[in-house]
K.L.:
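Can you read through this structure? Questions will come right after.
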Amino acid sequence: MQPSELVMNPKQVFLSVLLFGVAGLLLFMYLQVCIEEQHPGRVEKRREQRATSGWEPVNYLQSTPKIMTREKIQEHITNQNPKSHMLKDPKDKLENLLNSKRPTRVFTETNHSQGEAPALGRKPGSPTIQLIEKQQGTKILFRKFSETNWAVDMRPLNKSLVTDSKWKRIDATQEKRRSFLQEFCKKYGGVSRPQSHVFHMVSRIYVEDKHKILYCEVPKAGCSNWKRILMVLNGLAPSAYNISHDAVHYGKHLKKLDSFDLKGIYSRLNTYTKAVFVRDPMERLVSAFRDKFEHPNSYYHPVFGKAIIKKYRPNACEEALNNGSGVKFKEFIHYLLDSHRPVGMDIHWEKVSKLCYPCLIHYDFVGKFETLEEDANYFLQLIGAPKELKFPNFKDRHSSDKRTNAQVVGQYLKDLTRTERQLIYDFYYLDYLMFNYTTPFL
């Protein structure tokens, strides 16, 4: 054989490389299957990591949600006090709600089957068996959550610790609020059924184990002073009046419900007293704007202010673009209503329906900022707090500023058009309906 005959032409080289590549791929796939057969726990662990990572929706709710149809919205709104939730022309109002670019909050879920790990021929008590048993226990809890009907009837409040008759009026108001929210959720529970897993849904809920309290944080509705109360109840401070703002919000002294495992979350949701305190959506929005954009702020100005000015202020000066200070309320509203916001939402102006999920987690106590002090002190009586503990009534920050009330809100809204005010209501309409707030600013 001549040496020239030993040299392969390019076509033969290409075919040889291709065959080796295919053979290598097949070998890799075969080895992967063998490894998964020998270590099925790794596959299950990967599934659970995806389920709790927030990137994949998990069905912890019932498989068939209620749908809020056009007819149901029409029926609900026409049954309300016309001054409470409608403009003069209800037809225009419904068209705005149902035909707006933002879809109605209707969600569906798909079931995620939880396969059982195959039994391995290993002796009981080995690390492999313990791992599989732990994974199977977790899967049982996941299944229990998916079979749980979140929209259960509210538990009656335990009033055995309330002995003073002065609370009768507040108690009657509380029962009306609870009943109103419960009836609304029974009819239209599907409107806040999210594609979110349980850890996200309880991420705003603070836990106080000693008195068995779950408190859902709604910013700009007295949450700073509520955190002070929880710290006192936890034994972390002797008084609510000597706890600084930074200690409340950055000290990380309080536990949140999403820090527990599924079993801990499930048991607390079903046995603890759950409370939420809300506020008129328009007042809460204006309060958030005043706090974050009218005072120096090292986070909201560079993160939100710069983006808002850049997109919504024509011919903005270089200084405003660089530091993000001086955002105008109208610019802030344009950001809020923009379906393509240059920067995401923030908890200080997020809807309560997306912070606390009140139609999925039924709260035993519904307080309002408008009657904050008396509601909070009544709640403290209900849970058996020390008699000397009273809800603090001081303003947490910017104490020289006037509190945001209806009069202050009116001053901010006067520069908005009627359409812009209507769109703000549309944005928060679930909060208005759920908590029976009127709409005097329309």
Side-chain angles (χ1 to χ4, degrees), residues 61 65-66 68 73 76-77 80 84-85 93 96-98 100-107 150-151 177 180-181 184-185 187-196 200-205 215-223 226 274-292 300 304 329 332-341 343-363 366-370 404 409 412-413 416 420-439 441-442:
L61 310 171
K66 299 177 183 177
M68 191 175 188
I73 297 176
H76 178 82
I77 294 179
Q80 299 298 315
S84 297
H85 307 298
K93 169 69 186 149
N96 283 337
L97 282 175
L98 297 170
S100 63
K101 291 182 180 179
R102 286 186 304 279
T104 303
R105 293 288 190 250
V106 178
F107 299 87
W150 284 77
R177 290 175 188 167
F180 185 91
L181 180 59
F184 178 86
C185 292
K187 288 182 179 179
Y188 314 116
V191 298
S192 64
R193 191 176 292 276
Q195 284 185 320
S196 298
H200 174 73
M201 287 192 290
V202 302
S203 62
R204 306 309 317 168
I205 297 179
Y215 163 71
C216 186
E217 174 192 30
V218 177
K220 312 312 298 179
C223 70
W226 261 116
K274 301 177 288 294
V276 61
F277 278 71
V278 299
R279 185 178 187 176
D280 175 274
M282 204 74 80
E283 284 191 16
R284 182 171 163 253
L285 178 66
V286 172
S287 176
F289 173 79
R290 295 177 71 198
D291 180 29
K292 304 306 178 188
Y300 284 91
F304 288 88
F329 186 66
F332 175 67
I333 295 305
H334 287 171
Y335 145 79
L336 180 76
L337 301 175
D338 190 349
S339 59
H340 301 286
R341 300 183 191 97
V343 62
M345 281 293 288
D346 182 83
I347 60 171
H348 290 84
W349 47 85
E350 181 62 277
K351 309 158 195 174
V352 177
S353 56
K354 293 187 72 174
L355 290 172
C356 298
Y357 298 97
C359 280
L360 293 173
I361 302 171
H362 272 188
Y363 292 89
V366 180
K368 289 193 173 183
F369 185 82
E370 294 74 16
T404 304
V409 171
Y412 281 81
L413 297 184
L416 302 182
E420 287 169 335
R421 294 197 300 270
Q422 176 66 61
L423 289 173
I424 296 173
Y425 167 74
D426 292 349
F427 186 83
Y428 290 108
Y429 84 101
L430 272 183
D431 288 359
Y432 274 104
L433 295 179
M434 283 180 175
F435 302 107
N436 200 25
Y437 276 110
T438 59
T439 56
F441 305 107
L442 295 180

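For clarity, every value in this text was computed on a predicted model and none was experimentally measured. What you see below is based on every heavy atom in this structure, not just the backbone, and it leaves out hydrogens, waters and symmetry mates.
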K.L.:
Are Thr404 and Lys220 side-chain neighbours, meaning at least one heavy-atom pair lies under 4.5 Å?
P.N.:
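Thr404 vs Lys220: side chains apart.
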K.L.:
Hey, mind stepping through Tyr428 and Leu336 against side-chain contact (heavy atoms from CB on, under 4.5 Å) and telling me if it holds?
P.N.:
CA-CA 11 Å; Tyr428 290 108; Leu336 180 76; 4.1 Å; yes
K.L.:
Would you check if Ile347 and Arg204 make a side-chain contact, meaning some heavy-atom pair closer than 4.5 Å?
P.N.:
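In contact.
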K.L.:
Look at the side chain of Glu370 and the backbone N and O of Asp280, then say whether any donor-acceptor pair between them is shorter than 3.5 Å.
P.N.:
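Flag set: sc Glu370 to bb Asp280 pair under 3.5 Å.
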K.L.:
Between SG of Cys356 and CD of Glu350, what distance do you get to the nearest 0.5 Å?
P.N.:
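The SG atom of Cys356 sits 10.5 Å away from the CD atom of Glu350.
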K.L.:
Would you call Val276 and Pro358 a side-chain contact if the rule is heavy atoms closer than 4.5 Å?
P.N.:
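A side-chain contact is absent here, since even the closest heavy-atom pair is not under 4.5 Å.
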K.L.:
Are the side chains of Phe435 and Arg279 in contact, using a 4.5 Å heavy-atom criterion?
P.N.:
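A side-chain contact is absent here, since even the closest heavy-atom pair is not under 4.5 Å.
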K.L.:
Can you check side-chain contact (heavy atoms from CB on, under 4.5 Å) on Val352 and Met434, steps first, answer last?
P.N.:
CA-CA 10 Å; Val352 177; Met434 283 180 175; over 6 Å; no
K.L.:
Verify, without hydrogens or angle tests, whether Ser287 (side chain) and Arg284 (backbone) share a donor-acceptor contact under 3.5 angstrom.
P.N.:
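Looks like no, no N/O pair under 3.5 Å.
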K.L.:
For residues Ile333 and Leu285, determine if any side-chain heavy atom of one lies less than 4.5 Å from a side-chain heavy atom of the other.
P.N.:
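They are in contact (side-chain heavy atoms under 4.5 Å apart), so the answer is yes.
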K.L.:
Applying the side-chain contact (heavy atoms from CB on, under 4.5 Å) criterion to Val286, which one of Phe329, Trp349, Phe332 satisfies it?
P.N.:
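Of Phe329, Trp349, Phe332, side-chain contact (heavy atoms from CB on, under 4.5 Å) with Val286 is met by Phe329 alone.
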K.L.:
Go through the steps for Met282 and Tyr432 under the test side-chain contact (heavy atoms from CB on, under 4.5 Å), then give the verdict.
P.N.:
CA-CA 10 Å; Met282 204 74 80; Tyr432 274 104; 3.6 Å; yes
K.L.:
Supply the atom-to-atom distance Leu430 CG to Cys359 SG, rounded to the nearest 0.5 angstrom.
P.N.:
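It is 8.0 Å, given to the nearest 0.5 Å.
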K.L.:
Are the aromatic rings of Phe180 and Phe184 close, with centres under 6.0 Å apart?
P.N.:
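No, they do not, as the ring centres are separated by 6.0 Å or more.
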K.L.:
Could you check whether Lys368 makes a cation-pi contact with Tyr437, meaning its NZ or CZ is under 6.0 Å from the centre of the six-membered ring and within 45° of the ring axis?
P.N.:
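Yes, Lys368 lies over the aromatic ring of Tyr437.
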K.L.:
Quick one: sort the Phe277 and Tyr215 rings into parallel, tilted or perpendicular, breaks at 30° and 60°.
P.N.:
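Judged by the thresholds at 30° and 60°, the geometry between Phe277 and Tyr215 is tilted.
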K.L.:
Does the side chain of Val278 reach to within under 4.5 Å of the side chain of Asp431, using non-hydrogen atoms?
P.N.:
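No. Closest side-chain heavy atoms not under 4.5 Å.
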K.L.:
Measure the shortest side-chain to side-chain distance between Ile205 and Tyr363 over non-hydrogen atoms and say whether it is less than 4.5 angstrom.
P.N.:
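With C-beta onward as the side chain, the pair touches.
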K.L.:
Measure from the ring center of Phe304 to the ring center of Tyr300 and say whether it is less than 6.0 Å.
P.N.:
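Between Phe304 and Tyr300, the centre distance is under 6.0 Å.
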K.L.:
Report yes if the side chains of Pro219 and Asp346 come closer than 4.5 Å at any heavy-atom pair, otherwise no.
P.N.:
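Counting from C-beta outward, Pro219 and Asp346 never come under 4.5 Å.
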K.L.:
Within this structure, what is the NE2-OH distance for the pair His362 and Tyr357, rounded to the nearest 0.5 Å?
P.N.:
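Those atoms lie 14.5 Å apart.
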